[in-house]
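Have a look at the structure below, then the notes.
Numbers here are sequence positions counted from 1.
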Amino acid sequence: MSMMEAVFKKQREAFEKQVEEQNRGYRKPQKINIERNIQYGEDKLQTFDMIYPTDAKPDIPVIINIHGGGLVMGDKDFNTRFNIRMAQNGYLVISGIEAARKHQEGEREVLRAIWGVTEDEVNQSDKRKSKRDYDWGVPVYLTADSAGAYLALYILAVQGSPEVAREFKVRPMTTRITAAAFVSGMFYTTRKDKIGLFMPKYLYGRGYKKAGFYPYINPTNPEIIKSLPATLFVTSRSDMLHSYTVDVYEAAEKYGRYCTLIDYPKNKQLTHAFSVFYPSLSESIHLMDEICKFFNSNKIAYR
């Protein structure tokens with residue numbers, strides 16, 4: 001195990017203790033069902049939860065949630081209370097896509113999970129449809145925080161740009177994402193900051209600047225931005241990655257994408273991805289409801 005991997009392992013163990021502490025004493029609302037640890041692969045981490053109202057109808061819209069964690073930690077259970085609030089607003093939430101992976105591995109993992117859900121959980125009534133032509137038949141939305149937002153951005157880019165898919169060697173999905181919400185996105189990996197010090201070689205390998213995918217590491221590359229559906233960007237003035245969100249939002253505006261920015265004022269409680277870390281805050285509850293309102297207003301996919 002390398003020194004970097006040992007540091008990541010220690011961080012992950014500390015994070016898992018934090019997850020346990022956050023959820024201690026919390027009781028699930030009575031009118032919410034949670035089906036836990038549905039397996040979509042052989043790895044023990046390849047599981048997701050399905051969270052939905054007890055009175056859910058067959059045509060309930062779907063939210064796919066990709067958790068954060070700097071691509072080195074993170075846990076689906078940490079997002080449970082955030083996702084329960086989404087479900088209380090009338091959504092079936094698929095939670096737990098493993099985001100503690102390197103760039104291409106992370107993209108493939110997200111896609112593998114989504115395909116697995118499509119094939120095994122949603123598509124049971126019609127086995128004749130192939131994965132390539134599958135339509136869920138309901139609006140499908142994407143929520144993601146921090147490093148999960150980074151992966152989600154590239155999943156959408158792969159879906160919308162054959163050029164990006166080719167360079168990253170990732171097969172795109174055909175499920176259309178109606179709208180997305182990015183909370184405190186860790187969109188940049190090569191800036192001269194704490195993230196840029198160690199992330200590039202870990203994510204992309206040595207010599208990545210000579211690789212064909214190098215131009216697309218910039219999240220404001222037109223091929224990336226023009227693939228966005230209707231998108232809600234969320235940050236706060238106390239978010240350590242505040243500029244990441246603002247810069248990508250401004251690029252989306254520049255290229256004519258339909259997008260909205262929620263930028264909360266400076267407040268020591270409204271830290272990075274606060275709605276996931278502190279889901280009981282009034283601002284967190286407000287944000288979760290605002291995300292659902294944004295999704296509800298974009299039931300018809302942006303074109």
- Go through Ile291 and Leu232 one step at a time and tell me if the side chain to side chain contact (heavy atoms under 4.5 Å, CB included) criterion holds. CA-CA 7 Å; Ile291 291 173; Leu232 176 64; 3.8 Å; yes
Under 4.5 Å between side-chain heavy atoms, hopping through other hydrophobics if needed: is there a path connecting [X] to [Y]?
X	Y	result
Phe187	Val246	no
Tyr255	Leu153	yes
Ile262	Tyr258	yes

Under 3.5 Å: donor-acceptor pair, side chain of [X], backbone of [Y]:
X	Y	value
Tyr154	Tyr216	yes
Thr178	Pro139	no
Asn79	Phe82	no
Asn89	Cys292	no

Which residues pass the side-chain hydrogen bond (donor to acceptor under 3.5 Å, both in side chains) test with [X], sequence neighbours left out?
X	answer
Thr231	none
Thr271	none
Ser243	Arg191
Gln269	none

Using a 4.5 Å cut-off on heavy atoms from C-beta on, say whether the side chain of [Y] contacts that of [X].
X	Y	answer
Lys266	Ser236	no
Val276	Ser284	no
Leu92	Ile63	no
Ile34	Met50	no
Leu228	Phe233	yes
Asn65	Ile94	no

[X] and [Y]: aromatic ring centres closer than 6.0 Å?
X	Y	result
Tyr249	Phe182	no
Tyr141	Phe295	yes
Tyr214	Tyr204	no

- Tyr52 and Tyr91: CA distance, side-chain angles, deciding distance, ring pair (Phe, Tyr, Trp, His ring centres under 6.0 Å) verdict: CA-CA 6 Å; Tyr52 53 92; Tyr91 294 87; over 10 Å; no
Under the salt bridge (charged side-chain N to carboxylate O under 4.0 Å, His left out) definition, can you give me all pairs with a residue in [range], not counting sequence neighbours?
range	answer
residues 228-239	Arg237-Asp263
residues 209-229	none
residues 58-68	none

- Are Ser238 and Asn267 linked by a side-chain donor-acceptor pair shorter than 3.5 Å?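 No pair is found: no donor N or O on one side chain lies under 3.5 Å from an acceptor on the other.
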Roughly how far, to the nearest 0.5 Å, is [atom2] of [Y] from [atom1] of [X]?
X	Y	atom1	atom2	value
Leu281	Leu270	CG	CG	6.5 Å
Met86	Arg81	CE	CZ	13.5 Å
Ser146	His272	OG	NE2	3.0 Å
Leu156	Leu151	CG	CG	11.0 Å
Ile177	Ile64	CD1	CD1	5.0 Å
Leu142	Gln159	CG	CD	9.5 Å

Partner set under salt bridge (Lys or Arg N to Asp or Glu O under 4.0 Å) for [X], not counting sequence neighbours:
X	value
Lys28	none
Glu253	none
Asp289	Arg85
Arg166	none

- Message: Holding to ring-ring contact (aromatic ring centres under 6.0 Å, His included), I want the full list of residues that pass it with Tyr188, two or more places apart in sequence or in another chain.
- Response: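 ring-ring contact (aromatic ring centres under 6.0 Å, His included) check on Tyr188 returns Tyr244.
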- Start with the C-alpha gap between Ile32 and Ile51, add the side-chain angles, then the distance that decides, and say whether side chain to side chain contact (heavy atoms under 4.5 Å, CB included) holds. CA-CA 7 Å; Ile32 292 294; Ile51 305 172; 3.7 Å; yes
Kindly give the heavy-atom pair with the smallest separation between [X] and [Y], and that separation in Å.
X	Y	answer
Ser184	Thr245	CA-OG1, 4.0 Å
Pro219	Ile225	O-CD1, 3.3 Å
Ser275	Met288	O-CE, 3.5 Å
Ile195	Pro200	O-CD, 4.1 Å
Thr220	Val248	CG2-CA, 4.2 Å
Ala152	Ile66	CB-CD1, 4.0 Å

- Where do Tyr264 and His242 land on the side chain to side chain donor-acceptor pair (under 3.5 Å) test, with the steps shown first? CA-CA 10 Å; Tyr264 286 88; His242 177 265; over 6 Å; no
- Message: Using the rule given for side chain to side chain contact (heavy atoms under 4.5 Å, CB included), can you reason through Asp49 versus Lys76, listing the C-alpha separation, both sets of side-chain angles and the distance that settles it, and then say yes or no?
- Response: CA-CA 8 Å; Asp49 296 343; Lys76 66 182 174 64; 2.9 Å; yes
- Would you check, one step at a time, whether the test ring pair (Phe, Tyr, Trp, His ring centres under 6.0 Å) holds for Phe168 with Phe213? CA-CA 6 Å; Phe168 280 117; Phe213 62 75; 5.3 Å; yes
- Query: Between Val183 and Thr143, does a side chain to side chain contact (heavy atoms under 4.5 Å, CB included) hold up when you go through it step by step?
  - Reply: CA-CA 8 Å; Val183 179; Thr143 59; over 6 Å; no
